[in-house]
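These notes concern the structure reproduced below.
Below, all heavy atoms of this structure are taken into account, side chains as well, without hydrogens, waters or symmetry copies. Residue numbering restarts at 1 for every chain, and letters A, B, ... go by the order of the sequence lines.
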There are 2 protein chains.
Amino acid sequence: MIPPPADFSRLCLHTMTTRPWALEEAVRRYAAAGVGGITVWRSAFADRSPAAAGELIRSHGLTVVSLCRGGFFPADSPAGRARAVDENRRCVDEAAALGAPHVVLVCGSAPGLPLAESRKQIADGIADVLPHAAASQVRLAIEPLHPMYAADRSAVNTMSQARAICGQLRSPWLGIALDVYHTWWDDRLEDEIRISGREGTLFAFHISDWRTPTADLLEDRGVMGEGCIPIRRIRGWVEEAGFSGFNEVEIFSRRLWASDQAKYLEDIKAAYLAHA
Amino acid sequence: MIPPPADFSRLCLHTMTTRPWALEEAVRRYAAAGVGGITVWRSAFADRSPAAAGELIRSHGLTVVSLCRGGFFPADSPAGRARAVDENRRCVDEAAALGAPHVVLVCGSAPGLPLAESRKQIADGIADVLPHAAASQVRLAIEPLHPMYAADRSAVNTMSQARAICGQLRSPWLGIALDVYHTWWDDRLEDEIRISGREGTLFAFHISDWRTPTADLLEDRGVMGEGCIPIRRIRGWVEEAGFSGFNEVEIFSRRLWASDQAKYLEDIKAAYLAHA
C-alpha cells in the first residue's frame, strides 16, 4: 500500500493546466494554495522575460520544476533540422534564465517520414543540443508520448525507446520525463521505471488521468481519479526507483479550462491527496 | 521494393467498411468489383442466419475471410466473465455456420480493472473458448488494439502481448490478426511479425491508414494513402513472414460512410493498387 502524499510540498502544476490564468495570476494562486512547484510553458513568456518569470516565481516561494517544451527535431530537410536544433538551444537558454533545471522534450515526428527516420533524427538532434545543455547546466528530459501522437508529435512512444536514446548518448544531462497519460497502457512500464531509476535517468513525473470515453486526442485529459490510470501505484514504482522530485499535474482539457479555475485548483488538490 | 498487388484476388473488405450497405448489397457490389474476399461483422446477421449469409457470399464467388468479432473477456464479476465465454462460444458457432475459418478477437478491457488483471482474464477467457473452437475447427485470432483503446476495448495493445498469450496457450487454433492501424507505431513491429510468422500465428492482416490530424478515436480512419502508415512495407514484412492470406480493408469513418459508397469502393480499389 502506497500512502497518499503527506501534503502539497511536492505538488507541481503546469501553467498549461490552468491555461486561462496568465503567469502572474497562476503563480499567485498556486502559492496561495500551498502548491510547491510550477512547470512553465514557453507561452508564459509572452509578457515577460524568462529571467523575470523566474524571479516572480521564486518571490512567491515556488520552485521552478521545468520548462515545457523543446523538441520537434524531425524535419524533411537539413535546414528544417538545423532550425529545430537552434530553437532547442534557445529553449535551453530560456530554461537557464528561468532557473529551470530541465527542459522537457516533445521529440516530434514528421508524417511524411518513416518512424525509424524520425527516431534517428531525434537522437541526432538531441546529440547536437546536448553540449549546449551541459554548458548551461540544463538537463534535457525526453518525454515518451502516447502512440496516438506517433504521426505528428513524437516518434518516441515508449519508455524503452526513450531509454535507448539515453543509452546511446550517455550524458548526465539527458534523461526521461515520465507521464502516466502517455505510458500507463505499457505492460513494460514497471520494469522500465525500475531500470530507468537505476540508470539515473528518471528526471520528471507527470500525472493526469485517462477518461473513458476520451472525446479528443489532445484536450480531454482528466483530473486524477476521473479515469482509469493507477496513478498512485505508478508513483509507488517511481519512488521505489529513487525518484524524489515533484508530482507534476499536466492536464489539457477544454472542459476544465472552461470551468472556474479557482474551484478547479481546489479539485486538483483534493484529487492529488485522494488519487496521486 | 515490394511490388503492388497484381490484382484484387487477395483484396478483402470488411462489411463495416461500407456500413451503409446491408449484407446483400455489399456482397453483390464487392463481387461485381472483383473483390476476392469478405469479412463479415456479426451485425450483418440481423436479417439472415450465418449459414444463409455464407451461402449468399459463396454463391457470388466471394471467399469468407473471417468473422468479426468475439472477445470482450474482462468483467468485474465471475458471472460477467462466464457470459463473455458463452458469447464467444456462440460466435464460434456462427463462424462455423458462416464458413469463416476464424473469429477475430477484440479482447476487451474493463476501465475499473487493472490492466494486468484484464490481461489475465483475457488469457483465461480464450483458454475457456479454445476447446470449443478446436472442436468446431474455427481459429481464434487475437487482434492487438492501439494503446488508445487500452481502457475500454482491449488490454492487448501490442503484437508482443498477443504473442505472449499464444505462447502461453499453445494451440494451432490460436493466432493473431495484425492490423496496421493499431500497430504501425511500434518499433518492434517488424521483429514481431517475423517471429509470429515463424511461430505460425499470423492469421490475418488488416489495412487502413492513420490520418493527421485524427479527429476521432474510433471513426476517423483513412483509406490507404490518406495517412502516414507504410502499408506496403508492412505487407512486405508480413509476406516475408510467410503470410499468403487476404489483405483486409477495415475502415471505420463517419466521413467515408457519409459518402457515395459505390465511388468509395472504387477509391478503395485504386488505393489498394497504389498503396497496399
Any non-hydrogen side-chain atom of B:Arg188 less than 4.5 Å from a side-chain atom of A:Gln161? no

Once the angle between the rings of A:Trp185 and B:Trp185 is folded into 0 to 90°, is it parallel (under 30°), tilted (30 to 60°) or perpendicular (over 60°)? perpendicular

Less than 4.5 Å to any heavy atom of chain B: does that hold for the side chain of A:Leu115, its backbone, both, or neither? side chain

Taking NZ in B:Lys269 as the centre, count heavy atoms belonging to other residues, nucleotides or ligands within less than 6.0 Å. Is the count above 12? yes

Contact check, side chains of B:Pro147 and A:Met148, non-hydrogen atoms, under 4.5 Å: no

Any residues in residues 228-238 of chain A near chain B, with a heavy-atom distance under 4.5 Å, and which are they? A:Cys228, A:Arg233

To the nearest 0.5 Å, how far apart are CG in A:Asp186 and OG1 in B:Thr158? 8.0 Å

So with a 6.0 Å cut-off around CG of B:Asp76, is the heavy-atom count from everything else above 12? no

Name the region of A:Asn157, side chain, backbone, both or neither, that has any atom closer than 4.5 Å to a heavy atom of chain B. side chain

Please report the interatomic distance OG1(A:Thr214) to CG(B:Leu217), rounded to the nearest 0.5 Å. 6.0 Å

